[in-house]
Amino acid sequence: MNLKHAAAALALTSLVAAGAAQAAPKEITVAIASTFTTLDPYDASDTLSQTASKSFYEGLFTFDKDMKVIDALATDYKVSDDGLVYTVTLRKGVKFHDGSEFQADAVKANFDRVTNKANGLKRYMLYQNIEKTEVVDPYTVRFTLKKPFSSFINQLAHPAGVMICPSTLANKTNKQIAFEPCGTGPYTLDKYNPSEGMRVVKNPNYWQAGFPKLDAINWKPVVENSTRVAMLLTGEAQFAFPLPAEQVKQVQGKDQVRLDITPSIILRYVEMNMSKKPFQDKRVREAFNYAINKEALCKVAFAGYADPATGYAPAAIDFAEKLGPWPYDPKKARELLKEAGYGSGLTINLWSGYNHTTAQKVIQFLQQQLAQVGVKSNIRALEAGQRTALVESVPTPDKSQHDLYYIGWSSSTGELDYAIRPLLASENVPPVGSNEAYYKSEKVDRLIQEGLATTDRTKKAAIYKEMQEQLWADMPWIPLVTEKNIAASAKNLTGFYIQPDGGYNFYQAELK
């Protein structure tokens, strides 16, 4: 080859290389701390599964990064004077992944499904106040409630309340829906294995012009904290959450990484199984609360990036009362246990609903603290499938095997009812809801309903104050901490962040 031909070949090679570089797919990997339970948001009880399902699904409303309600598939709504009827105007020009148009019949089909108790969906409790959903015209839908509820639009904005393709609802079982998502969202499913992860690809027909900015997202479960950090630092992952608090210093100051530490509305707590001895005895429940040093737990397991819980809802939740934290007093704990007949000690099962490194630190810390007051704990960290089978889906209290259960909750509607009712109303014991303490209080049940029935903020505040004080007195839980959200991302990734409820927002994510 002469020099002229060589130069031409080199120029062509350079052009091809430049074109290839320009056409390189904009794909990211997100390192997450747990595996998925389901891709059906109406049947998911964990924030991770619901938030990853935002890849495919959208609701009528959603939350911005500050948990303020904004329009999504709806553009407007009106409320009747009696607070019972919500008329919602729908967005035009939106298509489902199967090519069908999003209209009011889809809204009716989705809410008829979740409000049918026979379907056994985990989010039935969230929407059971809907009496009926009606199609007014193709772009208008009417919700009639059983009782007035001033935060109903917040409920519609919850990540569970999304629009699944009517064709899917008509032709698929609940199990199939959990694996075959079809919605209006910015991405469609490419590959999915609950334990290994999920790859989603750009929806070319997405209704928001110019979005999504990414070609694909790989959601990769990485249980080991240090591995998530390593993936971020080596560029194998472009976003990691939660970032282990003890490794924040390892990430700080790195040129290629951006660190984000933000407040959360995530409460971590231990449920005491009140369907069993010894936790039917209030003295034992109080003793267990006295036995745990919450300040030390914040330092040991969360490296200071958490605060002791001050009640049954995080302080940022509307109507939350500050009642604690419960004092650390191991001497008092031993006295109460002795008084209850357990002076010579007892043995219990302590389970965690997570198996990532931080959760294992928490239950090991709890095990050590309880040992100091004569309680031996057999600890076990559950992966997502075990959590669903062994705790969340137990048919009756007598079939439950846990004594103590470490778990967390983010009140993803931003208001107190959703911080309390799913977890502590007697009607919401498994498998219906998340009251794994099997707590029952006629007074608390009544106050929950009274709070739902009024739209007067002064009355609601008084009702909710009394309710929270009763819970604090009964102590079905050991409230532990409200943790901070710690996430990190590649500096060239923008528009991808964690919301206060621990959910991901990635609609405007972009690689620059």
Side-chain angles (χ1 to χ4, degrees), residues 28 30-73 122-123 126 151 153-163 181 183-187 197-198 200 212 214 217 219-221 228 238-243 260-268 313-314 316-318 353-354 356 358 384 407-415 418-419 422-423 434 482-489 493-509:
I28 66 169
V30 180
I32 55 182
S34 180
T35 55
F36 300 106
T37 57
T38 178
L39 296 184
D40 181 354
Y42 289 101
D43 206 29
S45 58
D46 61 304
T47 300
L48 173 61
S49 295
Q50 286 184 155
T51 198
S53 292
K54 292 179 183 177
S55 305
F56 325 108
Y57 294 123
E58 297 167 299
L60 302 179
F61 303 91
T62 188
F63 294 105
D64 67 11
K65 64 180 181 178
D66 300 313
M67 295 295 291
K68 304 296 184 187
V69 176
I70 57 175
D71 294 342
L73 296 179
K122 288 186 168 58
R123 295 302 174 186
L126 183 60
S151 296
I153 296 299
N154 290 62
Q155 286 188 320
L156 293 182
H158 187 281
V162 299
M163 294 298 104
T184 65
Y187 299 92
M198 176 172 70
V200 300
L214 300 175
I217 300 176
W219 298 90
K220 187 172 180 60
R228 287 198 300 281
Q238 286 70 47
F239 195 93
F241 176 77
L243 203 71
D260 291 309
I261 302 174
T262 55
S264 88
I265 53 172
I266 301 172
L267 182 70
R268 301 293 179 194
I317 296 295
D318 198 16
Y354 322 97
H356 53 67
T358 299
I407 195 67
W409 185 262
S410 59
S411 307
S412 298
T413 63
E415 41 78 41
Y418 198 63
L423 309 176
S434 298
T482 300
E483 64 178 296
K484 292 180 170 62
N485 286 329
I486 308 175
S489 62
L493 176 65
T494 63
F496 197 123
Y497 55 85
I498 300 299
Q499 296 178 183
D501 67 345
Y504 297 79
N505 190 309
F506 49 91
Y507 287 113
Q508 297 186 1

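Quick note: numbers below take in every heavy atom, side chains included, and nothing from hydrogens, waters or symmetry partners. As the structure is a computational prediction, the values presented were derived from the model and not from experiment.
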Show the nearest heavy-atom pair for residues A384 and S34, with the distance to one decimal. CB-OG, 4.3 Å
Does L73 reach the side chain of F61, with side-chain heavy atoms less than 4.5 Å apart? no
How many angstroms lie between CZ in F241 and CD1 in I486, if you round to the nearest 0.5 Å? 8.5 Å
Not counting sequence neighbours, which residues clear side chain to side chain contact (heavy atoms under 4.5 Å, CB included) with S410? List them please. T47, I266, S412, D501
Determine the minimum heavy-atom distance between T262 and I498, stating which atoms define it. OG1-O, 4.5 Å
To the nearest 0.5 Å, tell me how far T184 OG1 sits from E58 CD. 3.5 Å
Quick one: closest heavy-atom pair of A160 and P41, and the distance? CB-O, 3.6 Å
To the nearest 0.5 Å, what is the distance between CG (D64) and CD1 (I70)? 5.5 Å
Could you check whether any side-chain N or O of Y418 sits under 3.5 Å from a backbone N or O of H158, counting only pairs where one atom can act as donor and the other as acceptor? no
Strictly distance-based, threshold 3.5 Å: is any side-chain N or O of R228 a donor or acceptor partner for the main-chain N or O of L243? no
Atom pair OG1 (T358) and CD (E483), whose distance is rounded to the nearest 0.5 Å: 8.0 Å
Could you walk me through whether N154 and F63 pass the side chain to side chain contact (heavy atoms under 4.5 Å, CB included) check? CA-CA 8 Å; N154 290 62; F63 294 105; 4.1 Å; yes
CD of Q50 to CZ of R123: how many Å apart, nearest 0.5 Å? 4.0 Å
Could you tell me how the ring of F496 sits relative to the ring of W219: parallel (under 30°), tilted (30 to 60°) or perpendicular (over 60°)? tilted
Can you confirm whether Y504 sits close enough to V30 that some side-chain heavy atom of one is under 4.5 Å from a side-chain heavy atom of the other? yes
Where the side chain of S264 meets the backbone of N485, is there a donor-acceptor pair that is under 3.5 Å apart? no
Contact summary for L214 and I28, nearest pair of heavy atoms: CD1-CD1, 3.7 Å
Side chain of S49, backbone of T37: donor and acceptor closer than 3.5 Å? yes
Is atom NZ of K220 surrounded by more than 12 heavy atoms (other residues, nucleotides or ligands) closer than 6.0 Å? no
Hey, does the side chain of Y42 reach the backbone of V162 with a donor-acceptor pair shorter than 3.5 angstrom? yes
Beyond-backbone contact of D260 with F239, side-chain heavy atoms, under 4.5 angstrom: no
Measuring only between side-chain heavy atoms, which start at C-beta, is P186 closer than 4.5 Å to Y507? yes
Hey, does the side chain of Q155 reach the backbone of T413 with a donor-acceptor pair shorter than 3.5 angstrom? no
Quick one: side-chain hydrogen bond (donor to acceptor under 3.5 Å, both in side chains) partners of Q499, sequence neighbours excluded? N505
Between S434 and W409, the two heavy atoms sitting closest are OG-CZ3, 3.9 Å
CG of D318 to CE of M67, rounded to nearest 0.5 Å, is 12.0 Å
Can you name the closest pair of heavy atoms from F56 and V200 and give their distance? CE2-CG1, 3.4 Å
Indicate yes or no: at least one non-hydrogen side-chain atom of M198 is less than 4.5 angstrom from one of L39. yes
Quick one: does K54's side chain have a donor or acceptor within less than 3.5 Å of a partner on F506's backbone? no
Does S55 reach the main-chain N or O of Y187 with its side chain, forming a donor-acceptor pair under 3.5 Å? no
